[in-house]
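Everything on this sheet refers to the single structure shown next.
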Amino acid sequence: MKVVVTGGAGFIGSHFIKYLLKRYPDYKVLNIDKLTYAGNLENLKEVEKNPNYKFLKADICDNVIEDAVDGCDVIINFAAESHVDRSIQEPETFLKTDVMGTFNLLEISRKKGVQRYIQISTDEVYGSADKDYAFSEESPLNPSSPYSASKASADLLVLSYYKTYKTPVIIIRSTNNYGPNQYPEKFIPLFITNAIEDKPLPLYGDGKNVRDWLFVLDNCRAIDTILHKGEIGIIYNVAGGQEKENIFIARKILEYLDKPESLIKFVPDRPGHDRRYSISCERIKDLGWKPEVSFEEGLRITVEWYKNNEMWWKKIKSGEFLEYYRRQYKL
Ligand code: NAD
Ligand code: DAU
């Protein structure tokens with residue numbers, strides 16, 4: 001099988017490429033990535049010499065990728081601007097990449113007659129869930145941020161291509177991923193790396209917002225399951241089933257690193273901050289998938305990885321990103 005992965009130098013995409021090449025040694029993978037601030041080829045060091053792996057530095061909005069996609073069976077679109085706080089400050093790039101980039105990939109899929117177009121979406125498109133309620137794949141879209149609105153818009157386009165052109169699409173909406181190699185602007189890696197450096201952990205609002213955490217390798221297994229057994233034209237939710245308040249996670253990280261709770265600093269809330277994410281995922285469970293990594297185990301693995309890979313994240317934090325988050329949190 002020839003698989004085009006877009007955004008494969010980012011967090012989830014790079015894990016998925018390594019997973020796929022290990023699990024299916026005869027598959028060929030072309031990674032198309034623009035290498036924005038979030039793309040990092042160091043994430044792919046262990047496969048860069050694999051003859052079945054190729055990399056193309058390109059923008060998914062650009063027509064030049066059309067030729068590169070020739071002869072591929074599947075396109076899996078991970079490429080996106082993915083950080084909610086950045087979307088609040090600079091929404092335009094989110095619309096360009098997340099909406100127009102998806103549009104370009106759909107057009108290419110239609111013209112080339114690819115066998116599967118898989119859109120990596122998010123549970124954020126449903127918006128905030130009331131206590132004890134979980135959204136299903138049939139729930140209405142109710143996004144809160146420019147990020148989630150751009151992802152929801154892309155999902156609608158993807159579904160329209162199925163209805164109008166019979167493009168063989170599938171949409172995957174997962175909960176919050178965490179694990180090694182996640183860019184340290186996201187909650188868990190930001191808090192781990194700040195704690196290692198004895199810097200404050202900026203907790204938004206009252207710290208009681210709830211996210212449902214999915215270890216990144218469990219998500220790779222879910223995408224693999226859907227790639228091979230999923231039904232065309234269908235949306236699949238993928239839930240970690242491990243809902244936690246942010247403050248619980250902040251305390252766990254400090255406990256694992258043996259650091260004081262006084263490092264937690266409550267800061268003003270994120271505008272439009274969704275209180276709780278919760279989804280049900282019976283469809284993918286019916287395909288035989290369930291998460292295998294408990295939150296405690298996954299968090300321990302993640303904390304150990306950041307402890308043992310300081311070079312990876314210190315390079316990032318000492319550069320442009322540091323300025324960005326100093327400005328944002330006024331720390
Ligand atoms: P990430 O920000 O770590 O990586 C995004 C990658 O896309 C980077 O390598 C970047 O260089 C690339 N990219 C950005 N714009 C591009 C463009 N115009 N052309 C080509 N490449 C471009 O993101 P992630 O956390 O790995 O998320 C991957 C996908 O999964 C995204 O679509 C995101 O919306 C979705 N998702 C993420 C999570 C999560 O918790 N991280 C949860 C659910 C869904
Ligand atoms: O739900 C899936 C989504 O999860 C993905 O679609 C997004 O790409 C991904 O970024 C993530 O979005 P969140 O907004 O949930 O993740 P983030 O890591 O930014 O924040 C997680 C929670 O932690 C959220 O309630 C906000 C809070 N937070 C975050 C940061 C960065 C803080 O309290 N302090 C922080 O500094």
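For clarity, every value in this text was computed on a predicted model and none was experimentally measured. Atoms within a ligand are numbered from 1 in the order they appear, just like the ligands themselves.
- Between Y183 and ligand 1 there is no heavy-atom distance shorter than 4.0 Å.
- Residue contacts with ligand 1 for T6 are absent, since no atom lies close enough (heavy atoms, distance under 4.0 Å).
- Within ligand 1, counting atoms from 1 as listed, the ones closer than 4.0 Å to a heavy atom of Y147 are 33 (C), 34 (O).
- Near L203, meaning under 4.0 Å from one of its heavy atoms, ligand 2 places the atoms 33 (O).
- In terms of polar-atom proximity, defined here as any N/O pair under 3.5 Å, E81 makes no such contact with ligand 1.
- Of all atoms in ligand 2, listed by their number and element, those nearer than 4.0 Å to a heavy atom of P202 are 32 (C), 33 (O), 34 (N), 35 (C), 36 (O).
- Residue contacts with ligand 1: T122 is placed with no nitrogen or oxygen under 3.5 Å of a nitrogen or oxygen of the ligand (distance criterion only).
- With a heavy-atom cut-off of 4.0 Å, N176 touches ligand 2 through backbone and side chain alike.
- In the vicinity of Y147, heavy-atom distances shorter than 4.0 Å reach the ligand 2 atoms 5 (C), 6 (O), 7 (C), 8 (O).
- Taking the side chain as every heavy atom from C-beta outward, I108 and N104 approach each other to under 4.5 Å.
- R116 has no carboxylate O lying under 4.0 Å from a charged side-chain N of D73, or vice versa, which leaves the two without a salt bridge.
- Of all atoms in ligand 2, numbered sequentially from 1 with element shown, those under 4.0 Å from a heavy atom of E185 are 31 (C).
- For ligand 1, the polar-atom distance check against N77 finds no nitrogen or oxygen pair separated by under 3.5 Å.
- Listed by atom number, the atoms of ligand 1 under 4.0 Å from N177 heavy atoms are 39 (C), 40 (O), 42 (C).
- When each atom of ligand 2 is checked for a heavy atom of H83 under 4.0 Å away, the hits are 19 (O).
- Looking at ligand 1, you'll find an N or O of T36 within less than 3.5 Å of one of its N or O atoms.
- Within the 4.0 Å heavy-atom shell around ligand 2 one does not find K151.
- Here the side chain of N309 pairs no donor or acceptor atom with the backbone of K307 at under 3.5 angstrom.
- Backbone and side-chain nitrogen or oxygen atoms of F78 are examined, and one is located within less than 3.5 angstrom of a nitrogen or oxygen of ligand 1.
- Using a 4.0 Å cut-off to heavy atoms of N246, the atoms of ligand 2 that qualify are 22 (C), 23 (O), 24 (C), 25 (O), 27 (C).
- Some N or O of T97 is nearer than 3.5 Å to an N or O of ligand 1, by distance alone.
- No heavy atom of D62 sits closer than 4.0 Å to any atom of ligand 1.
- For ligand 2, the atoms sitting less than 4.0 Å from at least one non-hydrogen atom of N209 are 25 (O), numbered in the order shown with element in parentheses.
- Nearest to atom 2 (O) of ligand 1 by heavy atom, out of G39, S82, S121, A79, is S82.
- The shortest N or O to N or O distance between N176 and ligand 1 is not under 3.5 Å.
- Of all the heavy atoms of V267, none lies under 4.0 Å from any atom of ligand 2, so neither backbone nor side chain is involved.
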